[in-house]
**Student:** 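Quick one: this structure, given as structure tokens, is what I'll be asking you about.
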Amino acid sequence: MNSKTCDIAIIGGGIIGCGLAESLALEGLDVVLLERGVIGREASWAAAGMLAPQSEMEEPGEWFDFCLAARRCFPETVERLRDSASIDPQYRDEGMLYVAFNEDEERTLLKRAAWQRRCGVQSEILDASELARRESAVSDSIRMAVRFVEDHCLDPRLMTQAYAISARRAGADLREMTPVHRVLIDGDRVVGVELPGETIHAQSVVLAGGCWSGLIAGLPFALPIHPVKGQMLLLQCATPQFSCTLHSRNIYLVPRFDGRVIVGATEEHDAGFDKSVFAGAVSDLLSASYAVVPALREAAAAETWAGLRPGTPDRRPIMGPSPVEGLVLATGHFRNGILLAPLTAQLITEYIVSGSLPETLGPFGIERFGAASAPARKLGV
Ligand code: FAD
Ligand code: GLY
């Protein structure tokens with residue numbers, strides 16, 4: 001069997017693994033990333049690309065604050081990737097309009113805007129006529145909307161590719177069609193990973209395998225990650241119909257610059273690893289999208305797909321040390337892995353390089369599910 005030695009082996013080539021490969025390689029570490037399929041073709045490919053803590057988080061607290069901090073990483077990260085990878089992730093900063101069709105939805109939205117205002121996070125309340133003035137394509141059945149000015153979006157497929165290219169340029173070895181069969185552990189320390197016909201010896205291993213993270217052989221602890229299916233569709237309009245993401249209670253519509261609209265998504269916790277797209281889901285997504293923008297009836301139905309979010313029991317990621325020394329967790333990003341990718345890369349890199357856990361990662365440890373975590377290894381060069 002062949003063997004190789006490196007500083008860090010990363011399992012999984014989604015946005016989380018690729019972001020980390022880039023940032024660890026930029027620190028001068030010798031990084032090998034192992035992807036069993038094609039880089040960036042699972043959840044990170046299926047995602048809409050909303051960077052939307054104000055629209056998606058339900059209450060104030062450390063989780064909301066963490067997601068706001070994640071959002072702040074974007075403009076700079078996108079700018080840097082444009083240069084280092086020569087890929088433009090199509091970042092859009094026009095904000096997000098969350099619409100209400102009835103009094104009950106209006107009340108819920110106003111409550112959300114109010115608690116966020118108390119946290120110092122701003123939004124704008126638009127009545128129906130102001131909404132119609134700003135976005136003429138929206139339905140006149142909409143009663144009002146709240147505009148979350150700083151909730152932005154980008155194309156997650158391009159962002160993941162940009163990370164992968166930039167990681168390679170920084171010296172990381174990113175391998176496709178390379179499944180990790182087993183994590184290798186000696187006593188209570190990780191020593192590497194086993195591939196078909198090859199062993200990679202590594203000082204640290206990062207587990208970033210998305211919803212498959214808990215299935216890798218050799219883990220001596222349970223990782224509570226499960227797949228949460230999201231069915232999506234893509235509509236192609238001849239010209240752009242609206243200028244920012246539109247969100248209703250049932251649906252989101254994310255516009256791309258060229259007239260495409262991503263329509264999402266189902267949230268299915270009991271579909272296992274199945275990625276079929278069903279007629280009923282497509283029909284529900286279409287009906288909900290016409291309710292918000294009636295002209296979408298005239299759009300071409302361009303594509304459907306489903307992806308598997310890495311879900312956890314409390315809907316938050318699992319990041320930081322594991323019960324095995326040197327085995328680092330960067331997984332379970334559920335509905336927010338695109339939003340969280342740059343901050344995850346930054347904080348996990350800081351942890352690996354310095355050997356001390358950044359305070360902001362504290363709430364996301366595996367200990368909250370009853371597993372003890374091992375001491376860190378410092379890998380700074
Ligand atoms: P993945 O992208 O799934 O990557 C994991 C990789 O690990 C895969 O490529 C897999 O092949 C590989 N792997 C697994 N096991 C092994 C092994 N043994 N050996 C080698 N490789 C392995 N987030 C947002 O922030 N905004 C959104 O708008 C948004 N919309 C979404 C819409 C949908 C429909 C879905 C499904 C998700 C959405 N998300 C969104 C969530 C986001 O996509 C995920 O949180 C994020 O992509 C997770 O990234 P990841 O790298 O952990 O996982
Ligand atoms: N964050 C959107 C989704 O997961 O569908």
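Whatever order the structure lists them in is the order used to number ligands and atoms, beginning at 1. All of these numbers come straight from a predicted model, not from anything done at the bench.
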**Student:** Do Gly49 and ligand 1 have an N or O pair less than 3.5 Å apart?
**Tutor:** yes

**Student:** Under 3.5 Å between some N or O of ligand 1 and some N or O of Val38?
**Tutor:** no

**Student:** Using a strict 4.0 Å cut-off to heavy atoms of Ile16, name the atoms of ligand 1 that fall inside it.
**Tutor:** 49 (O), 50 (P), 51 (O), 52 (O)

**Student:** Tell me which protein heavy atom sits closest to atom 40 (C) of ligand 1, plus the residue, atom name and distance to 0.1 Å.
**Tutor:** Arg335 O, 3.1 Å

**Student:** I'd like the name of whichever of Met50, Arg309, Gln231, His333 reaches closest to atom 4 (O) of ligand 2 through any heavy atom.
**Tutor:** Arg309

**Student:** Which atoms from ligand 2 have a heavy atom of Tyr252 less than 4.0 Å away?
**Tutor:** 2 (C), 3 (C), 5 (O)

**Student:** Does an N or O from Met232, backbone or side chain, lie closer than 3.5 Å to an N or O of ligand 1?
**Tutor:** no

**Student:** Mark up the atoms of ligand 1 that fall under 4.0 Å of a heavy atom belonging to Ile216, in ascending order.
**Tutor:** 18 (N)

**Student:** Would you say ligand 1 has an N or O under 3.5 Å from any N or O of Ala48?
**Tutor:** yes

**Student:** Looking at Gly209, which atoms of ligand 1 are within less than 4.0 Å of one of its heavy atoms?
**Tutor:** 5 (C), 7 (O), 14 (C)

**Student:** Measuring centre to centre across the rings, with the benzene-like ring taken for any Trp, is His152 within less than 6.0 Å of Tyr91?
**Tutor:** yes

**Student:** Could a heavy atom of Trp45 be found less than 4.0 Å from some atom of ligand 1?
**Tutor:** no

**Student:** Go through ligand 1 atom by atom and flag the ones less than 4.0 Å from a non-hydrogen atom of Gly14.
**Tutor:** 2 (O), 4 (O), 6 (C), 51 (O)

